[in-house]
K.L.:
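Below you'll find the structure I mean.
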Amino acid sequence: MIILQVVGYQNSGKTTLIEKVIQRLCEIGYRVGTLKHHGHEGKVTLPKEKDTTRHAQAGAAVCAVEGDGTFFLHAKGNWTLNELISLYKTFPLDVLLIEGFKHASYPKIVCLRSREDEPLLHLENVLMSISWQRMDGSFFIEDEQVYIDHIISYVKEEQHVRDRS
């Protein structure tokens, strides 16, 4: 499974970028999973799924509901990124896109809203950056086709390398 992170501060375009990358990868036959770090927006809550919510409230560490081809998993605890990735490895995925967890060491795309965000470029394993302002070394946010193509090429090359191994 190819793992690629998308990092940046709030409202820098991370979720929109991930949506577009998912769409393109799915169009060309990749199976894509996503994992989002919910670090600054409050506690993650269960959906209004009555029975699953009751299981969790009763103390279940892990509970899930499946129906009509949809699977929702709720797990309480302080899960490390590696533990979460191990779970994702049980699914038949080609690519895992991670939003956040900026200090992890996986290859990453940095979304920059302004020049004040430039310190993010010093994170480990930065492949590329996308900026809302024209900056040397970054893709400009309006050049969407160019940077999406670049991301897709990276995934295809990584897949090719892994297939040869």
Side-chain angles (χ1 to χ4, degrees), residues 1-111 120 123-128 130 144-145 147-165:
M1 182 172 62
I2 298 162
I3 298 174
L4 185 59
Q5 289 181 261
V6 177
V7 302
Y9 295 123
Q10 192 170 13
N11 297 318
S12 61
K14 299 179 302 292
T15 301
T16 301
L17 174 62
I18 287 174
E19 287 174 328
K20 292 174 181 181
V21 171
I22 292 168
Q23 289 170 350
R24 277 287 298 280
L25 287 171
C26 289
E27 285 172 5
I28 59 176
Y30 284 87
R31 293 166 298 185
V32 182
T34 64
L35 173 60
K36 177 180 172 41
H37 185 239
H38 191 72
H40 53 76
E41 298 164 2
K43 185 178 180 178
V44 177
T45 58
L46 283 167
K48 301 288 183 205
E49 192 66 47
K50 188 168 79 172
D51 293 344
T52 306
T53 302
R54 288 174 59 190
H55 297 172
Q57 289 172 341
V62 177
C63 55
V65 60
E66 185 281 329
D68 198 22
T70 300
F71 178 72
F72 178 81
L73 174 72
H74 170 77
K76 288 191 282 187
N78 293 318
W79 306 97
T80 68
L81 180 56
N82 286 336
E83 288 169 332
L84 295 170
I85 289 171
S86 291
L87 174 64
Y88 276 77
K89 287 180 178 179
T90 66
F91 295 102
L93 299 174
D94 301 308
V95 179
L96 173 58
L97 300 173
I98 300 173
E99 183 176 336
F101 294 96
K102 66 179 160 266
H103 295 292
S105 62
Y106 296 99
K108 60 184 59 74
I109 300 164
V110 176
C111 296
L120 291 174
L123 293 170
E124 185 178 354
N125 218 350
V126 173
L127 295 175
M128 61 183 280
I130 302 167
E144 180 179 301
Q145 190 64 43
Y147 60 78
I148 296 289
D149 286 347
H150 188 78
I151 295 166
I152 300 305
S153 293
Y154 170 81
V155 169
K156 286 180 175 179
E157 179 59 30
E158 283 296 303
Q159 186 68 47
H160 181 69
V161 168
R162 290 164 197 253
D163 289 346
R164 288 189 311 197
S165 301

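Quick caveat, the model's predicted, so the values are computed rather than measured.
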K.L.:
Quick one: pull up CG in Leu17 and NZ in Lys20 and give me the separation to the nearest 0.5 Å.
P.N.:
8.0 Å
K.L.:
Can you tell me how far apart CD1 (Ile151) and CG (Leu97) are? Round to the nearest 0.5 Å.
P.N.:
8.5 Å
K.L.:
Is the closest side-chain heavy-atom distance between Pro107 and Ile3 below 4.5 Å?
P.N.:
no
K.L.:
Starting at CD of Gln5, measure out to CG of Leu123 and round the result to the nearest 0.5 Å.
P.N.:
8.5 Å
K.L.:
For the atom pair NZ (Lys156) and OH (Tyr30), what is the distance rounded to the nearest 0.5 Å?
P.N.:
6.5 Å
K.L.:
Within a strict 4.5 Å, meaning less than it, do heavy atoms of the Lys76 and Val62 side chains meet?
P.N.:
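No - every pair of side-chain heavy atoms lies 4.5 Å or more apart.
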K.L.:
Quick one: does Ile109's side chain get under 4.5 Å of Ile130's, heavy atoms only?
P.N.:
yes
K.L.:
Can you name the closest pair of heavy atoms from Leu87 and Thr90 and give their distance?
P.N.:
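In this case the closest contact between Leu87 and Thr90 is O-OG1, 2.6 Å.
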K.L.:
In Å, rounded to the nearest 0.5 Å, how long is the span from CG of Leu93 to CZ of Arg31?
P.N.:
7.5 Å
K.L.:
Apply the test side-chain contact (heavy atoms from CB on, under 4.5 Å) to residues Lys14 and Thr16: give CA-CA distance (whole Å), side-chain angles for both, the deciding distance (0.1 Å), then the verdict.
P.N.:
CA-CA 6 Å; Lys14 299 179 302 292; Thr16 301; over 6 Å; no
K.L.:
Please report the shortest heavy-atom distance between Cys111 and Val6, naming the atom on each side.
P.N.:
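In this case the closest contact between Cys111 and Val6 is SG-CG1, 3.9 Å.
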K.L.:
Between the side chain of Asn125 and the main-chain N/O of Ser105, is any donor-acceptor distance below 3.5 Å?
P.N.:
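It does hold such a pair.
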K.L.:
Quick one, Tyr9 and Asn11 - any side-chain contact, counting heavy atoms below 4.5 Å?
P.N.:
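Heavy-atom side-chain distance check fails, nothing below 4.5 Å.
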K.L.:
Between Ala64 and Leu73, what is the shortest heavy-atom contact and its length?
P.N.:
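Residues Ala64 and Leu73, closest heavy atoms: CB-CD1, 4.0 Å.
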K.L.:
What is the distance from atom NE2 of His103 to atom CG of Leu81, rounded to the nearest 0.5 Å?
P.N.:
12.5 Å
K.L.:
Evaluate Val155 against Leu25 for side-chain contact (heavy atoms from CB on, under 4.5 Å), listing each step before the verdict.
P.N.:
CA-CA 9 Å; Val155 169; Leu25 287 171; 3.9 Å; yes
K.L.:
Do side-chain atoms of Arg24 reach the backbone of Ile152 as a donor and acceptor pair under 3.5 angstrom?
P.N.:
no
K.L.:
Regarding Thr34 and Glu99, do their side chains bring together a donor and an acceptor under 3.5 Å, going by distance alone?
P.N.:
no
K.L.:
Give a yes or no on whether the backbone of Leu127 and the side-chain of Lys108 come within a donor-acceptor separation of less than 3.5 Å.
P.N.:
no
K.L.:
Do side-chain atoms of Glu83 reach the backbone of Thr80 as a donor and acceptor pair under 3.5 angstrom?
P.N.:
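Such a contact is found between Glu83 side chain and Thr80 backbone.
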K.L.:
Side chains of Leu96 and Leu35: closer than 4.5 Å at any heavy-atom pair?
P.N.:
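A side-chain contact under 4.5 Å exists here.
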K.L.:
Determine, step by step, whether Val95 and Val21 satisfy the side-chain contact (heavy atoms from CB on, under 4.5 Å) criterion, reporting the C-alpha distance in whole Å, the side-chain angles of both residues, the deciding distance to 0.1 Å, and the verdict.
P.N.:
CA-CA 11 Å; Val95 179; Val21 171; over 6 Å; no
K.L.:
With the side chain counted from C-beta on, respond yes when Phe101 and Val7 share a heavy-atom pair under 4.5 Å apart, and no when they do not.
P.N.:
no
